Amino acid sequence: MVSAADAGDAAALLTDVPAEHRVALVDPRFVGHLHALRLGLTDPRFPAATVPGALTAQPQARPALVRALERTTAAVGAGAPVVDPGTDPAPGDRTVPGRIAVELEAEGVAVQRPALGSLVAAVPTDPGQQAEAEAGVTAVDDEAVRLRNAVKSRDGFFTTFCISPYSRYIARWCARRGLTPNQVTTASLITALIAAGSAATGTRGGYIAAGILLLVSFVLDCTDGQLARYSLQYSTMGAWLDATFDRAKEYAYYAGLAIGAARGGDDVWVLALGAMVLQACRHIVDFSFNEANHDSVANTSPTAALSDALDNVGWTVWVRRIIVLPIGERWAMIAVLTALTTPRTVFYALLIGCALAATYTLVGRLLRSVTRKARRTERAARALADLADSGPLAQAVASLVHGPKRALTAPAAALIGTLVMVGAALFLPYGSWLTVVAAAVYVVLSGFAVARPLRRALDWLVPPFFRAAEYVTILVLAARSDVPHAVPAAFGLVSAVAYHHYDTVYRIRGGTGAPPRWLVRTIGGHEGRTALVAVLAASLTHTSGFTTALTALAVAVALVVLVESIRFWVSSSAPAVHDEGELA
């Protein structure tokens with residue numbers, strides 16, 4: 001900490017600080033809560049941030065900060081305003097940090113102004129203001145505010161009332177012992193994997209232990225985010241780990257239940273893979289709809305207005321959050337049923353609950369789409385194309401046609417292709433080469449679906465249709481093969497592909513776009529993988545070679561996707577921390 005005589009002296013002192021360091025300007029008259037300063041000066045997610053009387057700049061904003069200080073030295077010294085008072089976004093903050101924040105924004109630097117709520121941050125200029133500010137500091141316990149703000153404002157019923165009341169204190173305990181959110185996230189993953197191993201024993205004691213450990217894992221899963229918010233330890237790596245580990249934990253637990261059931265003589269691998277497929281399809285519906293509409297122009301509809309009105313009625317908020325079976329409610333149901341019943345019962349309940357939640361969500365999304373008068377942006381169309389995960393076969397078809405016109409819209413082409421592919425897998429004799437013909441039809445229709453930019457009201461349905469076609473085809477063909485261990489191998493393949501699809505979502509959310517095209521081409525795109533599995537099923541009918549081929553394909557996809565994904569997320573080009581919205 002160094003004291004500067006004036007703005008010019010501050011600019012000179014900043015040049016002595018290494019360029020890779022964050023710097024802060026604080027008015028020496030500042031009076032306020034310590035946590036107000038934390039919010040304004042230590043959050044790593046923003047290039048610059050300010051609260052009254054204080055300003056911080058990350059290395060990328062340092063040059064603009066120095067230029068702003070040099071330009072305003074004379075004006076500040078003379079007591080003149082930095083900008084026209086009528087255009088000043090913070091006219092009450094006439095301190096040097098406040099004026100510099102306005103200058104930074106004028107240069108195009110985004111300056112975050114965190115909401116302080118009841119916290120005090122002020123620069124009093126007379127004894128009366130000084131006494132008022134000090135009284136405000138005394139009246140509010142900033143540690144209580146800090147704990148309260150560690151919990152997400154929008155969470156599920158189970159998480160809000162059964163986990164967060166005590167997990168926030170676990171987060172504080174972790175912070176005081178120097179633990180990081182990433183360490184807690186890793187502990188949550190390890191606990192869930194131990195839970196999956198306990199379920200795999202196939203004993204009643206193992207199931208009881210698995211249920212308890214799964215709940216402990218979820219408590220840690222809540223704690224890592226609360227620790228990040230409590231100590232402002234946000235990171236790109238942390239957001240990626242939190243998002244991907246959630247899927248890894250849940251799907252590993254499904255596999256553990258399936259292994260445990262098999263030890264007891266009950267084969268539920270089809271149910272386990274079905275639960276994973278249904279859950280992944282639910283997520284892509286949410287992702288695709290949100291990406292298509294979050295920046296749309298005139299983004300309103302009567303359905304959205306009704307939803308907002310219902311949110312103002314207290315009890316309906318919780319009912320609607322429970323109906324969608326978010327992760328807290330879902331894991332609680334799985335844990336309790338694991339301890340008290342059988343894996344088959346767990347999967348039946350999971351499939352029924354997720355199907356009802358998916359129906360409720362999908363109907364709401366459809367109603368909003370058909371009643372909304374909106375124009376989608378180029379970014380939204382690009383995001384939908386990336387989520388579609390079209391490979392070289394579909395892209396080749398798309399390049400040969402002008403795209404569906406009024407006779408066949410993109411969602412219609414995708415839906416027909418999905419019905420043809422899944423219908424062939426379900427109803428044609430297993431091993432029939434007609435299934436390969438159906439796969440060829442699916443490839444052609446997939447190309448038609450993405451031949452034009454996905455800007456229409458229901459075009460967000462294209463990625464979910466493709467996802468359902470690929471996952472369900474793999475599930476059905478493996479289940480009908482009657483080849484030992486084919487379904488577990490299919491479970492591994494869908495897991496690897498699903499990781500790629502979730503990774504695509506998180507990159508798009510971060511604003512860096514989808515994975516590189518070479519990766520999508522290398523792993524074939526959704527239509528290429530679907531066609532390949534159809535060919536394998538036809539050529540390796542009722543032989544163990546089908547299981548071997550599925551396993552090899554799963555390993556190949558997993559290796560390529562994981563290596564590129566890890567390379568990206570640890571690189572300097574990784575996106576900013578995405579939002580912490582809870583997946584359904």
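What you are looking at is a predicted structure, and each value in this text was computed from that prediction instead of being measured.
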### Query
Under 30°, 30 to 60°, or over 60°: which ring-plane class applies to His501 and Tyr471, parallel, tilted or perpendicular?
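Geometry flag for Tyr471 against His501: tilted rings.
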
### Message
Can you classify the ring geometry of Tyr502 versus Tyr506 as parallel (below 30°), tilted (30 to 60°) or perpendicular (above 60°)?
### Response
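Correct class here is parallel.
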
Would you confirm whether [X], through its side chain, and [Y], through its main-chain N or O, come within 3.5 Å as a donor-acceptor pair?
| X | Y | value |
| --- | --- | --- |
| His33 | Val140 | yes |
| Gln279 | Cys354 | no |
| Arg204 | Ala339 | yes |
| Thr473 | Ala425 | no |
| Thr191 | Ala187 | yes |
| Arg168 | Gln226 | no |
| Glu527 | Gly391 | yes |
| Thr418 | Phe465 | yes |
| Arg344 | Val268 | no |
| Ser288 | Leu461 | no |

### Query
Does some side-chain heavy atom of Asp221 sit less than 4.5 Å from a side-chain heavy atom of Asp242?
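Yes, their side chains come closer than 4.5 Å.
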
[X]/[Y] ion pair, N-O < 4.0 Å:
| X | Y | answer |
| --- | --- | --- |
| Arg321 | Asp155 | no |
| Asp503 | Arg507 | yes |
| Arg282 | Asp286 | no |

Using distance alone, with no hydrogens and no angle criterion, decide if [X] and [Y] have a side-chain donor and acceptor under 3.5 Å apart.
| X | Y | result |
| --- | --- | --- |
| Tyr499 | Ser565 | yes |
| Thr338 | Tyr253 | yes |
| His35 | Asn149 | no |

